[in-house]
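In what follows, a structure is listed as C-alpha cells, so that the remarks can point back to it.
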Amino acid sequence: MADLLGQLEALSKGARDAIARAADEKAIEELRVRFLGKKGELSAVLRGMGQLSAEERPRVGEVANRVKDEVEALLDGARRRLEAAKLEAELAGPPIDVTLPPRRLLPRGHRHPITRATEEIAGIFARLGYEVASGPEIELDWYNFEALNIPPDHPARDMQDTFYADESTLRHGVEPGTVLLRTHTSPVQIRAMKRIGEPPVRIICPGRVYRSDYDQTHSPMFHQVEGLCVDEGITFADLKGTLAAFARAYFGPGTKTRFRPSYFPFVEPGAEVDVSCSICGGSGRIPVRAQGQADEPAPERAGGSGGRELREGGASGPPSGQTKRCGTCKETGWLEVLGAGMVHPKVLENGGIDPKRYTGFAFGMGVERMAMLRYGIDDLRLYFENDLRFLQQF
Amino acid sequence: MRISLNWLSEYVDVPSPEELAKRLTAVGLEVEAIERTGTGLDGVVAARIVASEKHPNAEKLSVSRVDAGRGEPLQIVCGAKNYQVGDVVPLATVGTVLPGGGKIEKAKLRGVESSGMLCSAKELGLAEEASGLLLLDRKIAPGTPVAKALALEDVLLDVNVTPNRPDALSHVGIAREVAAALGKKVRMPAPRLAEQGAPARDAVKVRIDAPDRCARYAARVVEGVKIGPSPLWLARRLESCGVRSISNVVDATNLVLLELGHPLHAFDLDKVAGREIVVRTARPGEKLTTLDGKERALSPEDLLIADRDRGSALAGVMGGGDSEISAGTTRVLLESAWFQPGGIRRTSRRHGLKTEASYRFERGADPGMVIPAVDRCAALIAELAGGTVRPGIVDCHPREVRAPEVRLRWTRPAKILGMDVAKDDARRILAGLGFEERAADAEGATFRVPSWRADVSIEEDLVEEVVRTKGYDAIPETLPHGASDTPAEPLEARAVARIRAALEGAGFAEAVNFSFVAERELEPFQRHVATGDGTGRALGIALKNPISAELSVMRTSLVPSLLKNVAHNLRQRIADVRLYELASVYYPNPDPKQRPSAEFVEVAGVILGRRSPASWATGADASDFFDAKAAVAGVLEALGVEVRWRPRGDGWLHPRTSASLLAGEDVVGDVGELHPRVAAAFELPRGVLAFRLSLDALLRAARLVPQHRAIPRLPAVLRDLAVVVDEAAPAAAVEGLVREEALVESVTLFDVYRGAPLPAGKKNLAFAIAYRAAERTLTDAEADAAHARIVKRLAEKLGAELRG
C-alpha cells in the first residue's frame, strides 16, 4: 500500500511539474492523456489496487481521487492561462486600416433643394397650425385672375406673362382662351376657401407655377408657397407677427422684417416684405478676409437656428477689419422675399366668405429665391438642369 | 418711371436724394435706383469762338482761337465744320479726362499747337451720335462749366410704379406724393396763355361717335408755328427720362406727358381733312399706317381719331403717319382726351403696341387733367415754336367720369390693421392726399376720391391710404388668436414622405424638371390623352404660346425628362446615375367646367451604371432589372403595398426585361430596362433601367399603419428544398405552391442554378422553408410529412423534380 501511495505522490509531483511547463493546447492534451487517460499513469497505479486489502482500498482510492481532481484542476488552469495569453497576444496586434472607405452598397440619396426649402417652409407653417392645400396647375382664367380681382383688361396682367392651353388638346366645354397654366399659387386660395366653406381657414399651398419668361434670371416654371389665414378679427398686425415669426424660424432668430406698401390686386392693403440680409446680417457690408480666402461666405447654419452665422474658420481666414459691399442685398441690408396683404373683400366673396364678418391675410414667396438664400445657390438654371454634381450637394 | 430731381424740385421742395428715395419707398413708390448724371465733365467749359482759319498743313483741320473765360484766348486745332465765329461750344481743357476715357493734353497737331479739344455731344457722352460740335446757347458766359450750363448735374430716381398708380407716372404725380408724405405744398405749373385771333371752334370741329370709349375730347389750335429742334434744356429733360427729342412741338407734348402725366397728341391741322375730328371705332377692313411706319389692319373694336375721310390716329395709343407733324407744319391741332382704359388696353395688346400714352390710358388717366394739360401744352408750343394760340377749347364732353365717394368708418382701420388710427389722423392724411371730406357723422365720414386716384373705390382702399402714409412700421406684430383644430396629416403627404425616404435610401437623387416637354419626347410613352368630345387624341395638353417646341406639351409621363437628365449627366462624364422625380402628369378632364385638367401625381426613376459606388469593397457589376425592382420594392414596403409582378411592362420598356406591378386589377406601375429603340431616341446607351408608379394606385393599396401580430413562442422546424423546374416556371409560382401548405411559415429563395449537370431549359430553385404550428411544438415527423406533400404538389403541378 505504501508503494501505491508513493507512486501516487510521485505522479502528482510529476504532473505539477509537467503541466507548469506545458506551452500549448496540444501539450496540455498530451499531458491529460499521459496522466489521466485510460492507459495513463493514474490508471496504471489503480490497476495495482487489486492486490490491496479491503481496508486499504478505500484509503488508496481516496488519495487517487484527490490526485485526479488535482491534476484536472491543474490542466484547466493551464488551459485558461493559455487562452488568456492568446487573447492578450491578439489584442496587442496591429490595428486594421480604419481609413479605408466604408463599404457602401448603395450611394447616398439626395433631396432637391427646392423640395428641401419647400418642406422647411411648410414645416414652419405647420407648427403655426397651417394645413397644406393644393390645386390644379392647369387652371381656369377665373381662378387665376378674375376671382383674384384681376379682370380681363386689368394692367396687372402685364405683371405676368401667361401660358395658355391649346383648347384642341382639351375636352369640349371650355371657353376659348380661358385655360392657362397658373401664374401663381394664389388660385388655390379661392379653391381652398370654397372647399373649406366656413372659416377658420389656415392653409399653405406650395407648388409649381408658370410664366412665359426664360432668361438668366427667369425660368418658365418655378415654385411658390402661398399662405392664407381667414377668420374673425384677423388683422394686418397678425400678418406682420406671423411673417416675422416665419422669417426668424427660416433665416435665424436675429432676422428683422420690414413691410413696405405695394400692390397686388387680391390684397388691400398690400405689402412687400423684406428681411434683413442673411449674408451680411443687415449691415450691407461683409468682412474682407485675408488674401486667397473665400470671397463671399455662403450662409451656413444648422436647421434654421443659426441666425447670421457666417462660415468661420476652415476655408476663411480671420477678418482683416475691412469690409466690402454685400452683393446679395446690394448693400441695402434688406432682401425682398415676400408679397403679402389683407385679403381683398372681393376675393373673400369669390371664395364664398362673408367679408363683412371675416377678414384675412395672404402671403406668397418664391421657393427658388428662398432656397438660393438658404443654400447659397447663385444661378437659377442649376435647379432644373439636374446635374448630379449639383444635386449631390444636398 | 424715371424722375429727374432737378425737374421735380420745380413742383415741390425735396430733401436729399437718399431721404427722398426712402420716403417714396415707404409710401409704396419703390425707388429701385438712384443715378447721378453730369459727373465726369470736370474741366469741360463753355468757350466762345473768337477766330477761325484753315490749318496751314491739313486740308480737313482748322485752327481756332477761343475765349474760355481765362483772359488770353486759347489756340485749338479742330476737325469739325459746323460752327461759326461767335458760337459757344464745349471745350475740354488740358488735363480733362473725357467720359470715353481719353485724357486731353497739350499737343501739336500737324505742327500747330492745340491747348484743348472742342467737343461734340457724343464726345461728352451726351448722345449716341453727333455730326459736329455741340453748339451751346450763345448767351452762356465763356468759362462756365458745361455740366452747369446744360443743367446736366442731376439725380435720376428709378421709381417702380405699380399698375394701380397711373397718377404717379409723372413729375407732378410724384410731387403730390412727396408733398403728402412731407406735409408740403405742390407748386402746379401755371401756363400763361395769350390767345389770339379767331376762336378755335372756327378752325376745327370735334365729334365723338363712341362716347362709351371716349368720355372727353378737348382740342386747341396753335397757328404760325415754326417746327425746329428743341432747345437743349428740353431735349435734355426728355432724354433724362428716356424719351427721344424729335421737334419742338412733339417734344412739348412729351414734356407735358412727363410733367402732368397726361398723354397729348399733336396733328398737322392742314392735313386733317374737312377740319373735322371724329372719334369713332374702326370700320370693317379699315387700315391705318401708324407713326412707326407699320400699316395696321384694324379691328372694329379699335378706337380711331379720324378726320372727315379716314383714320388719323389709333386713339390713345399712337398717331398716324398721314397727319404727323412735319418740318412744314404751321398749324397744330392739339388733342387732350380721356379714353376708357379697357379699350385702350385691348387695342394696345391686339397690335402689340405699347407706348407712353397707352401705358397711362390703360391704367386710367386723370379726367381732371384734360383741360390743364392742353392749356399747358398750347402755351409751351407758342413759346417754343413761336405760334399763337386761338381762343377757346373745342371741348366735346359727352360723359362725366366721376370719382366715387367712399365712406370710412372710424373703427374700420383698427379692424383691418390691428392698430388704432385716430379720427383726426385719418382726416389729415386723406386731406393731404387730395381726398375731400363731403360729409361726416359720429361713426365715420364720406370722402370724394381725387380725380387722379382711379385705384380708390372701397373703404379698404382708404384704410390703405392712411396706413401707407403712417408707415407700416407703426403696426404692431401679433399672432392670430386661438389655434384651430389640428387635422391629421393627409394620407398623400405621409405617403409622399415615405416614398422620398425610400428612394433616397436606395441612393436616388431627386430631380425637378419642367412640366412641359417636346411632343416627340412623349411619343414612345403612348399615353395619349382624349380630346374634344372624347374621340380625339393628342400626346398631351399643348400650350398655345410655348417658349419653344421643346417646351410645348404638358407631360403625361415623367420618364422622358429623366432620360434627358441621364443624357445630360453622361455628357458631363457622370456614369453612375440614380435619379427620381415626384410630380404631376396632366390629362384633359372629361368635365372641364370647373377643372380643365386631371392631374395625377406620379413617381418615376432611372438607374444607369454600377450597382454600388466604385469602391475597394464592392463589385463593379452594372445595375440590372433586379436593382430597379429593389428600388420599387423599397417604395412598396414603405407603404405596405403588396403587388403581383406581371411580365412585360409598358411599351416603352424592353418586353423581355420588364414588368408591370398590379394590386388586384389596379396597375400600380411599370419597371424594367428601357426599350432599346427608346434609348436610341434619347441618345442613351443600352442598360438604362426605369420605373414609374402612380401615387393614386399606391394610395389605394397602401397600409400606412402597421398592425401588430404576436411573435411565435414555439420552435419552428427548418427544411431546405431544392427542385428542378422548367426555365419558364416563375419562381413566384413555385413559391406559391409551397405556401399552399398550411404549416409553412416562411419561404426564402436562396439559390437559382442553371447549367451542368442540369439539362438545358431547366433551372434549380433552392428554398429555405420554416414550418411552424401556432399552438404546439411541431414534431419532425409532421414537418417531414408537410415537406413531402409539397414535393408531391410541385411534381404534379409543375413537373418539378427533387434535386439530390
Side-chain angles (χ1 to χ4, degrees), chain A residues 100-101 103-107 109-112 114-115 129 131-132 136-138 140 153 155-156 163-166 168-174 179 200 202 208 212 214 220-221 229 234-238 240-242 244 259-263 268-269 271 342 345 359 383-384 386-388 391-392, chain B residues 25 27-28 162-164 342 345-346 362-363 416-419 460-461 464 467-468 472 475-480 483-484 487 493 504-512 514-515 531-533 538 541-545 547 565 569 572 574 586 588 590 592-593 595-597 599 612-613 615 617-618:
Chain A
L100 281 172
R103 178 176 285 113
R104 276 184 188 278
L105 300 181
L106 290 168
H110 307 274
R111 195 162 296 187
H112 197 285
I114 288 175
T115 308
E131 217 184 315
V132 171
E137 294 168 28
I138 300 179
L140 291 168
D153 294 318
F163 285 115
Y164 286 91
D166 176 351
S168 73
T169 58
L170 293 167
R171 296 292 287 270
H172 281 327
V174 294
V179 181
R202 226 177 256 201
R208 296 177 171 220
S212 171
Y214 200 6
M221 182 191 92
C229 173
I234 295 292
T235 67
F236 201 107
D238 294 330
K240 280 187 77 174
T242 298
F259 282 65
R260 285 183 288 111
S262 190
Y263 172 67
E268 187 76 35
M342 298 302 291
T359 49
Y383 286 124
F384 308 111
N386 298 309
D387 191 306
L388 275 164
L391 299 176
Q392 280 165 352
Chain B
T25 299
V27 297
T162 51
N164 59 323
R345 180 174 167 80
R346 284 191 293 276
E362 73 177 27
R363 282 162 173 70
I416 294 172
L417 303 174
M419 165 182 77
E460 281 74 9
D461 295 329
E464 178 175 56
V467 71
R468 79 180 172 92
Y472 283 3
I475 302 175
E477 290 180 4
T478 57
L479 283 172
S484 44
E504 286 157 21
F508 286 78
E510 188 195 3
V512 173
F514 289 161
S515 308
T531 64
D533 58 5
I541 299 172
L543 299 184
K544 221 182 253 179
N545 54 337
I547 293 281
N565 298 154
N569 281 291
Q572 312 307 315
I574 299 164
Y586 309 86
K593 284 271 184 304
R595 269 180 103 121
S597 63
E599 302 177 10
S612 299
S615 157
T618 50

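Owing to the predicted nature of the structure, the values given are computational and were not obtained by experimental measurement. Atom set for the values below is all heavy atoms of this structure, side chains included, hydrogens, waters and symmetry mates excluded. The sequence lines fix the lettering, A, B, ..., with proteins before strands; numbering per chain opens at 1.
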Does B:Leu543 form a side chain to side chain contact (heavy atoms under 4.5 Å, CB included) with A:Asp166? I'd like the steps, not just the answer.
CA-CA 5 Å; B:Leu543 299 184; A:Asp166 176 351; over 6 Å; no
Please walk me through it: do A:Leu388 and B:Gln572 pass side chain to side chain contact (heavy atoms under 4.5 Å, CB included)?
CA-CA 9 Å; A:Leu388 275 164; B:Gln572 312 307 315; over 6 Å; no
Test side chain to side chain contact (heavy atoms under 4.5 Å, CB included) on B:Asn569 and A:Asp387; report intermediate values, then the result.
CA-CA 6 Å; B:Asn569 281 291; A:Asp387 191 306; 3.8 Å; yes
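Contact tally against chain B (heavy-atom pairs below 4.5 Å) for A:Pro220, A:Ser168, A:Ala271: the top residue is A:Pro220. In terms of non-hydrogen atom pairs under 4.5 Å with chain A, the most contact-rich of B:Asn545, B:Val467, B:Thr162, B:Ile574 is B:Asn545. Counting heavy-atom pairs closer than 4.5 Å to chain A, the top-ranked of the candidates B:Ser597, B:Gly418, B:Pro596 is B:Pro596. Comparing B:Gly342, B:Gly532, B:Gly28 by heavy-atom pairs within less than 4.5 Å of chain A, the highest count is held by B:Gly532. Contact tally against chain A (heavy-atom pairs below 4.5 Å) for B:Val27, B:Thr25, B:Asp461: the top residue is B:Asp461. Of the listed residues A:Arg103, A:Met342, A:Glu137, the one with more heavy-atom pairs under 4.5 angstrom with chain B than any other is A:Glu137. With chain B as the partner, the residue from A:Ala244, A:Pro261, A:Ser262, A:Pro345 showing the most heavy-atom pairs under 4.5 Å is A:Pro261. Counting heavy-atom pairs closer than 4.5 Å to chain B, the top-ranked of the candidates A:Glu268, A:Met221, A:Gln392 is A:Glu268. In terms of non-hydrogen atom pairs under 4.5 Å with chain A, the most contact-rich of B:Leu417, B:Leu479, B:Asn565 is B:Leu417. Taking B:Ser615, B:Ser612, B:Ala542 one by one and counting their heavy-atom pairs under 4.5 Å with chain A, the maximum is reached by B:Ala542. For the options A:Val174, A:Asp153, A:Thr242, heavy-atom pairs under 4.5 Å to chain B are most numerous at A:Asp153.
With a threshold of 4.5 angstrom between heavy atoms, A:Glu131 approaches chain B through side-chain atoms but not through N, CA, C or O. Looking at B:Ala538, only its side chain comes within 4.5 Å of chain A, counting heavy atoms on both sides. For chain B, the nearby parts of A:Phe259 are the backbone and the side chain; heavy atoms of each come within less than 4.5 Å. If you measure heavy-atom distances from B:Phe508 to chain A, the contacts under 4.5 Å come from the backbone alone. In this structure, the portions of B:Arg363 lying under 4.5 Å from any heavy atom of chain A include both its backbone and its side chain. Contacts between A:Arg208 and chain B at a heavy-atom distance below 4.5 Å involve the side chain alone, from C-beta outward.
Ring planes of B:Phe514 and A:Phe384: tilted class, angle from 30 to 60°.
At least one donor-acceptor pair closer than 3.5 Å links the side chain of B:Lys593 to the backbone N or O of A:Gly173. Counting only distance, with no hydrogens or angles, the side chain of B:Thr478 and the backbone of A:Gly241 share no donor-acceptor pair below 3.5 Å. Remark: the backbone N or O of A:Gly109 is not paired with any side-chain donor or acceptor of B:Glu504 at under 3.5 angstrom. For B:Thr531 (side chain) and A:Thr169 (main-chain N/O), no donor-acceptor pair under 3.5 Å exists by modelled atom type. Of the possible donor and acceptor atoms, one in the side chain of B:Glu599 sits under 3.5 Å from a partner among the backbone N and O of A:Ile138. Between the B:Asp533 side chain and the A:His172 main chain, no donor and acceptor come within less than 3.5 Å of each other.
Counting heavy atoms from C-beta on, the side chains of A:Arg104 and B:Thr618 never come closer than 4.5 Å. Counting heavy atoms from C-beta outward, B:Glu510 and A:Ile114 have side chains that stay 4.5 Å or more apart. Here the side chains of A:Thr235 and B:Ile416 are not in contact, with every heavy-atom distance at 4.5 Å or above. Side-chain contact check for B:Pro592 versus A:Leu170: every heavy-atom pair is 4.5 Å or farther apart.
Taking each heavy atom of B:Ala511 and A:Asn386 in turn, the nearest pair found is CA-OD1, 3.2 Å. Residues B:Ile541 and A:Ala165 come closest through the heavy atom pair CG2-CB, 4.2 Å.
A search for side chain to side chain contact (heavy atoms under 4.5 Å, CB included) contacts involving B:Arg595 returns A:Pro136, A:Arg191, B:Asn589, not counting sequence neighbours.
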